[in-house]
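Working notes, structure below.
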Amino acid sequence: MRVFVAGGTGVLGRRLVPQLVARGHQVTATTTSAAKLDSLEQLGAEGVVMDGLDAVSVGEAVAKARPDVIVHQMTAISVAHAGKPDMKHMDQWFAGTNRLRTEGTDHLLAAAEATGVPHFVAQGYAAWNGIREGGWVKTEQDPLDPMTGTPAEPGMTAIDHVDDVVVKAGGAVLRYGWFYGPGATDDLVEPVRKRQFPVIGGGAGYCSWVHLDDAASATVLALEQKARGVFNIVDDEPAPASEWLPYLAACAGAKRPMRVPKWLARPLAGDVAVVMMTEGRGFSNAKAKRELGWQLRYPSWRQGFQEELA
Ligand SMILES: NC(=O)c1ccc[n+]([C@@H]2O[C@H](COP(=O)([O-])OP(=O)(O)OC[C@H]3O[C@@H](n4cnc5c(N)ncnc54)[C@H](OP(=O)(O)O)[C@@H]3O)[C@@H](O)[C@H]2O)c1
């Protein structure tokens, strides 16, 4: 197939492009920076400079590639695009990403229609953001949490937009868990090593993780099978912060994380961190396994953290 990867240089794009090439697909992959075109070509793709927030740029790039499928992996979360991670002011940290998930998705879908691209796969999110009621592990049937009144609310609205317009267009939304793997957790491991990433309250809130290579293999299956609808792309073991965070610290050779009560964490780390660690809900991958035939190389973060962080 001719595959157009919007955002080919990100942590996931860099693992996805080689898997696509190895499966015999012809890949066009985008970056906003001409300096990164060489790195895309080294991965086996044809590199293209494209600004996902510029409808003309998107339209031209898609028309030239004439792909069989568009894969939307554009975010702006890295320090280069968004500055230092800031959970406390997530609305500001994620402002560019939210635009890529709303306007950027719309531009890509419009370009798909104009060029007659028959299929569309987009990045969604399912880490700790399941609806905060009932059980700790959610399926695709359960709503996501809107995080009303917190700095995560605009991000959740943007995620909902992706789900809505992509499913209506007959595409697939892959709701990835929290990424780990090459380059994905550097910004997390640093504060963990400095003991600046504590367990909040009892750490009862759940989170789902996924290794980048498993996220990439699910993406390959979704596009090869022309999948439609929403899929949770997470590992087999959703877990509370009280379990995964001390384990991650141990794998990274750091001291055990501190524990801080909610009242102290709220002014220091902000509402989003408190919700995530105390009330977060994780996700089930049963649908992706059943319908896509997805098999994980890293069924649990326990094995994956050991390999990646040691
Ligand atoms: N589910 C998750 O846990 C999840 C999901 C996504 C990201 N993250 C985390 O976020 C951090 C940064 O991720 P990342 O390294 O993938 O970087 P990123 O800054 O989020 O960029 C991702 C991709 O989007 C592209 N992009 C950015 N702005 C664009 C624009 N205006 N138009 C078109 N494309 C644009 C980037 O291209 P260029 O930079 O080449 O221009 C890159 O290919 C990592 O720690 C990662 O683990 C986590």
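Computation of the quantities below employed the complete heavy-atom set of this structure, encompassing side-chain atoms and omitting hydrogens, waters and symmetry-equivalent molecules. Remember, it's 1-based here, ligands and their atoms both numbered in the order they're listed.
Looking at atom 8 (N) of ligand 1, its nearest protein heavy atom turns out to be I77 CD1, 3.9 Å. Annotation: atom 14 (P) of ligand 1 to nearest protein heavy atom, V11 N, 3.7 Å. When hydrogens are left out, the protein atom nearest atom 31 (N) of ligand 1 is D51 OD1, 3.3 Å; that is the closest non-hydrogen contact. Of the protein's heavy atoms, T9 OG1, 3.4 Å lies nearest to atom 42 (C) of ligand 1.
For atom 24 (O) of ligand 1, the nearest non-hydrogen atom from the set T75, T97, D54, L100 comes from T75. Considering only non-hydrogen atoms, atom 2 (C) of ligand 1 lies nearest to F179 out of F94, Y176, F179, W209. Here the shortest heavy-atom distance to atom 32 (N) of ligand 1, taken over G7, G52, S57, belongs to G52.
Contact annotation: for T185 versus ligand 1, there are no heavy atoms closer than 4.0 Å. Under 4.0 Å from ligand 1, the heavy atoms of M50 that appear belong solely to its backbone. With a heavy-atom cut-off of 4.0 Å, M74 touches ligand 1 through backbone and side chain alike.
For W93, there are no ring pair (Phe, Tyr, Trp, His ring centres under 6.0 Å) partners at least two apart in sequence or on another chain.
By the 30° and 60° cut-offs, the orientation of the rings of W301 relative to F305 is tilted.
Checking side-chain atoms of K287 against main-chain N and O of V230 turns up a donor-acceptor pair under 3.5 Å. Distance alone, capped at 3.5 Å, is enough to place a donor-acceptor pair between the N129 side chain and the Y125 backbone.
Put simply, the residue from D106, N98, T102 that forms a side chain to side chain donor-acceptor pair (under 3.5 Å) with H161 is D106. Q123 pairs in a side chain to side chain donor-acceptor pair (under 3.5 Å) with only one of the listed residues (R175, H72, Q73), which is Q73.
Under a 4.0 angstrom heavy-atom cut-off, A82 registers as lying outside contact with ligand 1. Contact between G13 and ligand 1 is absent, with no heavy atom of the residue lying under 4.0 Å from the ligand. Judged by the shortest distance from any of its heavy atoms, A127 lies outside the 4.0 Å radius around the atoms of ligand 1. Residue contacts with ligand 1 include Q73, since one of its heavy atoms falls under 4.0 Å from the ligand.
For H25 and Q19, the side-chain atoms include no donor-acceptor pair closer than 3.5 Å. H211 and E307 are not linked by any side-chain donor-acceptor pair at a separation below 3.5 angstrom, with hydrogens and angles left out of the test.
For residues 195-220, the salt bridge (charged side-chain N to carboxylate O under 4.0 Å, His left out) pairs, not counting sequence neighbours, are R15-D213, D213-R297.
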